[in-house]
Number of protein chains: 4
Amino acid sequence: MTPAQRPRVEGDREEEIFAATVRVLAEVGYDRLTMDQVAAEARASKATLYRRWDGKAALVVDAVTRAKGLPDPTVPDTGALRGDLVGLFCGPAGVTERLPMSVLGGLLTALHTDEDLSAAWRERFLAPRMAVSHEVFRRAQERGEVSPDADLEVLGTVLPSMCAFHGTVLGRHVDEEFVARVIDEVLLPAIRRPDTATSDT
Amino acid sequence: MTPAQRPRVEGDREEEIFAATVRVLAEVGYDRLTMDQVAAEARASKATLYRRWDGKAALVVDAVTRAKGLPDPTVPDTGALRGDLVGLFCGPAGVTERLPMSVLGGLLTALHTDEDLSAAWRERFLAPRMAVSHEVFRRAQERGEVSPDADLEVLGTVLPSMCAFHGTVLGRHVDEEFVARVIDEVLLPAIRRPDTATSDT
Amino acid sequence: MTPAQRPRVEGDREEEIFAATVRVLAEVGYDRLTMDQVAAEARASKATLYRRWDGKAALVVDAVTRAKGLPDPTVPDTGALRGDLVGLFCGPAGVTERLPMSVLGGLLTALHTDEDLSAAWRERFLAPRMAVSHEVFRRAQERGEVSPDADLEVLGTVLPSMCAFHGTVLGRHVDEEFVARVIDEVLLPAIRRPDTATSDT
Amino acid sequence: MTPAQRPRVEGDREEEIFAATVRVLAEVGYDRLTMDQVAAEARASKATLYRRWDGKAALVVDAVTRAKGLPDPTVPDTGALRGDLVGLFCGPAGVTERLPMSVLGGLLTALHTDEDLSAAWRERFLAPRMAVSHEVFRRAQERGEVSPDADLEVLGTVLPSMCAFHGTVLGRHVDEEFVARVIDEVLLPAIRRPDTATSDT
DNA sequence: CAATAAACGAGACGGTACGTCGAGTCTTCCT
DNA sequence: AGGAAGACTCGACGTACCGTCTCGTTTATTG
């Protein structure tokens, strides 16, 4: 048998459970993930899981949000809006990986049902990413790339929305080409500075 | 004890089951809908449901797709892109109703898992709606409202994407004001004919 | 397609259905026999089966009772009780075959539940066999082999009872050796004429 | 065969489930007993039932075999074979109660199909009872009531067989009168000691 | 350094929904 | 007109997963 599995320091244990959760998540996707499977993978008991989290959805949200090793969205600074956006969405924390779409698709049901969960998801996962995106647009606006009266809140949502739609509803793979296409065909033309939008793929 | 067991015409039974499915769907939402409930509502047996459909998701997709009485997306013709889009998205088959978002959110899990189902969903539900949307843009292009070299495929996806994102992921209500905002702040500026995009809210 | 399946004369059709029933019965036993299987085997529709019989049990009872080709219990006459009994129970209509026990075991549930069925079973299947058995004892009594005040009703039930018990409850195979043993160790000693019971195996 | 598992208390839960099973069994009989009903009666979940038992038949066999409060066959000792047999078969664990026949009839189908079940039934239910019966005969033989060369195995089966046959196949009620009749008309005459068999009803 | 309370692994449990199966009923179409 | 074909309702089956619970064990903290 394995040598004595001692109760860990609180933070430690959570970390391992998060890791196990993300591992299972990546392997079978959200809806085929079961609590028993996570418990087994983490050599934990289900009681331990439910002691800390409200349920499967809460655990997954927490894991996806707080697991170590998960890439953080970083604010790139290429000096131009286009480069910043491509870097942000196609980087390590971007949407071109398979996992985010799988998780998002599976969570939607739960998000729609559970208000607490929905709030947690928005605050911990969405908000930081939207903030980074917003920051990118704000800087572009400062540089004069974006019209001063542009609606940054809406513009900042275009790319996430379209990536999510493509990845989940349309079931197509979200790659850099798609991201670039949205930027070039929708965002740059829409920011009302045609002179800076002449760059093409 | 058999209340009016009328002879069933070809496909009659399906109609009734679809109706019952949509009824339950509207009442409790996708994830709280159970096959037993649908069976009871339709005075059908579960065997009948499973004989025709692979499961809950397949039944719901079929029902949402083929049930009589569901509003069809119609091509409005107001003579201007903005009016057409508002009419399309805020009309009876639009996205401002509560049902479509509830259903969409619940289905995504299943869509992600089952390829057949996903295909059916795209072909029967999405494709017609996307076609209508595309048609609206095509006519606007003919009228000269939209630049001839605009990427209609991407532009036509902007509004559905953003409505779906707002309604499901962000959990906000999608109303006419939001639709108008997206049109005015993103779409019209992006179509590269600033002279026709001067209309404001 | 199969060539025209014309409606048959009533008795004819029943005969074929009985044959199919017995065929299926012999193959899979009573409890694994399904009405669909019988219908398919007989190229009949289930409606036809249920038009004539009350259900599975009734059909099987009727088939086992009235199917052509099934051996009838015949009254042997060897001049001695022992020979008559062995001939009766180990002959073609005897209990040493596999089918009767399989059928009997399966029917018991239904017999216990349905009074009509139970009556039919007793009248059509049991009664004739018991009558033959009784006749054998009566003749032995006339010959003086059996005491005049012996209780023929009980004695006549000993062998069927014990064969049924061995075959169904104890799950052992009923063969000629067992029949002979019961006759020699129980019946003959019990008929109160020790002088005629000295014959041993 | 159950591996030493640990419910709340060792075997506690099983006891309750057995009790519920026997209760339902006595109320509606074997074939109208459903697993859901037992689960409800025992406030158990079906999963619990199926975790421990293979199905309805296995549960019932186990319950009838191991439930506390069920009367055990006890070896009476009246000093005479006749009294012992009447006491054994008409006592609290005897065959004159309604339940045993109802259960036996219902189980036969399953016993015939499932070999494991059949073995369990024979070992746990039949064997102890047959052993008691055999013991009664053995003592009678020691006392000289029964001929030393009598076939006790067969003789011990006569009464169970005939009671089972009467109760299930013939559908007649098995009462003390019938038991006495079999003893007096078959068994006592057959034991080859006419001098001790002169006792009449 | 032993005693104790907290956290834990293991996994049985109640509950709910699932998807399947067979009995028996019913309609339609065909001959 | 009667039968074959087979869809239909009903109800029970056996399974899967969620979230709760109990038990015995391990660990960190106290007396």
Side-chain angles (χ1 to χ4, degrees), chain A residues 2 4-10 13 31-37 39-40 42-57, chain B residues 1-2 5-10 12-14 17 31-37 39-40 42-56, chain C residues 1-8 10 13 31-37 39-40 42-57 59, chain D residues 5-10 12-14 17 31-37 39-40 42-56:
Chain A
T2 41
Q5 291 284 348
R6 330 203 292 263
R8 274 78 161 207
V9 185
E10 253 193 36
R13 201 71 192 94
D31 45 332
R32 282 210 254 270
L33 171 149
T34 70
M35 294 302 264
D36 292 81
Q37 208 180 345
R43 300 195 65 86
S45 104
K46 286 206 293 171
T48 303
L49 302 186
Y50 283 103
R51 200 173 297 125
R52 289 202 215 272
W53 295 278
D54 275 348
K56 169 173 163 174
Chain B
M1 199 48 204
T2 25
Q5 282 286 355
R6 56 184 186 273
R8 314 234 186 261
V9 189
E10 189 88 12
D12 224 16
R13 203 69 192 93
E14 284 196 341
I17 292 172
D31 42 336
R32 280 206 252 275
L33 170 149
T34 70
M35 294 301 264
D36 290 83
Q37 206 179 345
R43 291 189 187 286
S45 92
K46 284 203 293 174
T48 300
L49 302 185
Y50 285 105
R51 192 177 306 120
R52 284 204 221 272
W53 296 280
D54 276 347
K56 171 172 161 174
Chain C
M1 282 301 254
T2 42
Q5 289 285 348
R6 317 208 295 269
R8 274 76 160 208
E10 251 192 40
R13 201 71 193 94
D31 45 332
R32 282 211 253 270
L33 170 150
T34 70
M35 294 301 265
D36 291 81
Q37 207 179 347
R43 302 195 65 85
S45 102
K46 286 207 292 172
T48 302
L49 302 185
Y50 283 103
R51 198 174 299 123
R52 289 202 218 271
W53 295 278
D54 276 347
K56 171 173 163 174
L59 168 60
Chain D
Q5 285 162 355
R6 211 166 300 156
R8 299 179 184 167
V9 184
E10 187 90 11
D12 226 16
R13 202 68 192 94
E14 285 194 340
I17 292 171
D31 41 336
R32 281 205 252 275
L33 170 150
T34 71
M35 294 302 265
D36 290 84
Q37 205 179 346
R43 300 197 64 86
S45 90
K46 284 203 294 172
T48 300
L49 302 186
Y50 284 106
R51 195 176 301 121
R52 285 202 218 272
W53 296 279
D54 276 347
K56 171 172 161 173

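Reminder, nothing fancy here: chain letters follow the sequence lines and each chain counts from 1. Computed from a predicted model, the values in this text were never measured in an experiment.
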Chemist: List the residues meeting side chain to side chain contact (heavy atoms under 4.5 Å, CB included) with A/Ala57, not counting sequence neighbours, and say none if there are none.
Modeler: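 Checked A/Ala57 against side chain to side chain contact (heavy atoms under 4.5 Å, CB included); matches are A/Tyr30, A/Leu107, A/Ala110, A/Leu117.
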Chemist: Round to the nearest Å and state the distance from D/Gln37 atom CD to E/dG15 atom C1'.
Modeler: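 So the CD-C1' distance, D/Gln37 to E/dG15, works out to 18 Å.
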Chemist: For the residue pair C/Ala42 and C/Arg13, what are the closest heavy atoms and their distance?
Modeler: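 Residues C/Ala42 and C/Arg13, closest heavy atoms: O-NH2, 2.8 Å.
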Chemist: Who are the side chain to side chain contact (heavy atoms under 4.5 Å, CB included) partners of D/Ala40, not counting sequence neighbours?
Modeler: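 Partners of D/Ala40 by the side chain to side chain contact (heavy atoms under 4.5 Å, CB included) criterion come out as none, since no residue qualifies.
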Chemist: Identify, with sequence neighbours excluded, every residue that meets side chain to side chain contact (heavy atoms under 4.5 Å, CB included) alongside C/Arg51.
Modeler: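 For C/Arg51, the residues satisfying side chain to side chain contact (heavy atoms under 4.5 Å, CB included) (neighbours in sequence not counted) are C/Ala47, C/Thr48.
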Chemist: What is the separation between atom CH2 on B/Trp53 and atom C1' on E/dC18, rounded to the nearest whole Å?
Modeler: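 Computing the B/Trp53:CH2 to E/dC18:C1' distance gives 17 Å.
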Chemist: Atom CG of B/Leu49 and atom P of F/dC8: how far apart are they, to the nearest Å?
Modeler: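 Computing the B/Leu49:CG to F/dC8:P distance gives 10 Å.
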Chemist: Give a yes/no on whether any side-chain N or O of D/Arg13 is located under 4.0 angstrom from OP1 or OP2 of E/dG11.
Modeler: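 Negative; the distance criterion is not met.
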Chemist: For A/Asp54, which residues count as a side chain to side chain contact (heavy atoms under 4.5 Å, CB included) partner, sequence neighbours excluded?
Modeler: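 Listed in chain order: A/Ala58.
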Chemist: Could I get a table of every N or O pair under 3.5 Å where one atom is in the protein and the other is in nucleotides 16-20 of chain F?
Modeler:
| residue | atom | partner | partner atom | Å |
| --- | --- | --- | --- | --- |
| F/dC18 | OP2 | A/Met35 | N | 3.0 |
| F/dG19 | OP2 | A/Tyr50 | OH | 2.9 |
| F/dG19 | OP2 | A/Lys56 | N | 3.4 |
| F/dG19 | N7 | A/Lys46 | NZ | 3.0 |
| F/dG19 | O6 | A/Lys46 | NZ | 2.6 |

Chemist: With nearest nucleotide decided by heavy atoms, which residue, D/Arg43 or C/Thr48, maps closer to the 5′ end of DNA chain E?
Modeler: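 Looking at the nearest nucleotide for each, D/Arg43 comes out on the 5' side.
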Chemist: Strictly below 4.0 Å: does C/Arg52 bring a side-chain N or O up to OP1 or OP2 of E/dG24?
Modeler: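 For E/dG24, OP1/OP2 do not have a side-chain N/O of C/Arg52 under 4.0 Å.
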Chemist: Output all residues satisfying salt bridge (Lys or Arg N to Asp or Glu O under 4.0 Å) with D/Lys56, sequence neighbours left out; order by chain, then residue number.
Modeler: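 Expected list: none.
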